[in-house]
Amino acid sequence: MIKAIAVDIDGTLTDMNRVLCPESLLAIKRLFVPVILSTGNTHCFSRTVSVILGTPRIFIAENGGVLSYSEDELEILADQQVCEDAFLRLSEEFILKKYDSSRHKYRFTDVILERNFDLGALVRRADELGLPVDIVDTAFAVHIKDRRVNKGTGLTRIAQHLNLDPMDFAAIGDSMSDRPMFEVAGFRASVGNGRPGLKEISDYVAKKDFGAGFAEIVDYMIEEEMLSDSL
Ligand SMILES: O=C(O)COP(=O)(O)O
Ligand SMILES: [Mg+2]
């Protein structure tokens, strides 16, 4: 039985403009298991989203670099300096622009870039140089992140905190940054707009995109009686 849900924000609960889909809110209201947000966004953004959606203050931010356990308890699990060093090294060869650099001060563990360069070439070069980072494209931004964390390590730690097993979770998402949490969860579902590399390891692929796809997945799990009614 599924005892909790880990859900991505951008491209899963929102549309491509990062606007919340009304279907997402209605679907969250239909759910009777905890909904844990799992996102590449900052902890401040994620916290605000959790307030307006009415989900727990337990969530995964910065792709597992930052975890929140309560209103005021954060855990920082990655080293932003390794990402800054990688950014500087790669900037010697590529014209890279930090995404929304004025708001970068709210990020604790990664560096995010605008998607205005040859991503494949950047990833290859980072590998050649042996930089200790992952470069992940979420379709919204490109993240340079500490290799030691991802949404899967985040989900494993959050599950421990809740006295659950990661297999007790359903994971729902759209991009390759969701793949590590799909690899540890007990049930995985992609929205229709999800990346092929995520869909291929999904147990259920929604026909619909964005929030309508998320709602379709929630309805499927309820109809199939996959959700536990006691935590
Ligand atoms: O931070 C991003 O680039 C995308 O965020 P997401 O993980 O909620 O899709
Ligand atoms: Mg996403």
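Both ligands and their constituent atoms are indexed starting at 1 by order of listing.
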Shortest protein heavy-atom distance from atom 8 (O) of ligand 1, along with the residue and atom involved | Thr39 OG1, 2.7 Å
Hey, is Arg125 close enough to Glu93 for a salt bridge, meaning N to O under 4.0 Å?
-> yes
Under a 4.0 Å heavy-atom limit, does Arg18 contact ligand 1 with its side chain, its backbone, both, or neither?
-> neither
Does Arg18 count as lying over the ring of Phe45, i.e. NZ or CZ under 6.0 Å from the six-ring centre, within 45 degrees of the axis?
-> yes
Do Asp10 and Asn41 meet the criterion of a side-chain donor-acceptor pair at a distance under 3.5 Å?
-> yes
Name the closest protein heavy atom to atom 5 (O) of ligand 1, giving the residue it belongs to and the distance to 0.1 Å.
-> Asp10 OD2, 3.2 Å
Roughly how far, to the nearest 0.5 Å, is NZ of Lys145 from CZ of Arg147?
-> 8.5 Å
Looking only at distance, does Ile9 have an N or O less than 3.5 Å from an N or O of ligand 1?
-> yes
Counting heavy atoms only, which part of Thr138 comes closer than 4.0 Å to ligand 1: side chain, backbone, both or neither?
-> side chain
Hey, does His143 come in under 3.5 Å of ligand 1, counting only N/O atoms on both sides?
-> yes
Residue Asp174 atom name (nearest to the Mg ion (ligand 2); N/O/S) | OD1
Of the protein's non-hydrogen atoms, which lies at the shortest distance from atom 6 (P) of ligand 1, and what is that distance?
-> Asp8 OD1, 2.9 Å
Using a strict cut-off of less than 4.0 Å between a Lys/Arg side-chain nitrogen and an Asp/Glu carboxylate oxygen, indicate whether Glu216 and Lys208 qualify as a salt bridge.
-> no
Provide the number and element of each atom of ligand 1 under 4.0 Å from a heavy atom of Lys151.
-> 7 (O)
Would you please indicate yes or no on a ring centroid separation below 6.0 angstrom for Phe94 and Phe117?
-> no
Any atoms of ligand 1 less than 4.0 Å from a non-hydrogen atom of Asn41? List them with their elements.
-> 1 (O), 5 (O), 8 (O)
Would you call Glu183 and Arg179 a salt bridge, taking side-chain N to carboxylate O under 4.0 Å as the test?
-> yes
Asp8 OD1 to Asp10 O via the Mg ion (ligand 2), rounded to 10°, gives 110°
Indicate yes or no: does an N/O atom of Asn63 lie under 3.5 Å from an N/O atom of ligand 1?
-> no
Does Asp178 put an N, O or S atom under 2.8 Å from the Mg ion (ligand 2)?
-> no
When you measure from the centre of the six-membered ring of Phe169, is the NZ or CZ of Lys3 under 6.0 Å away and within 45° of the axis?
-> no
For the atom pair OG (Ser202) and CZ (Arg195), what is the distance rounded to the nearest 0.5 Å?
-> 13.0 Å
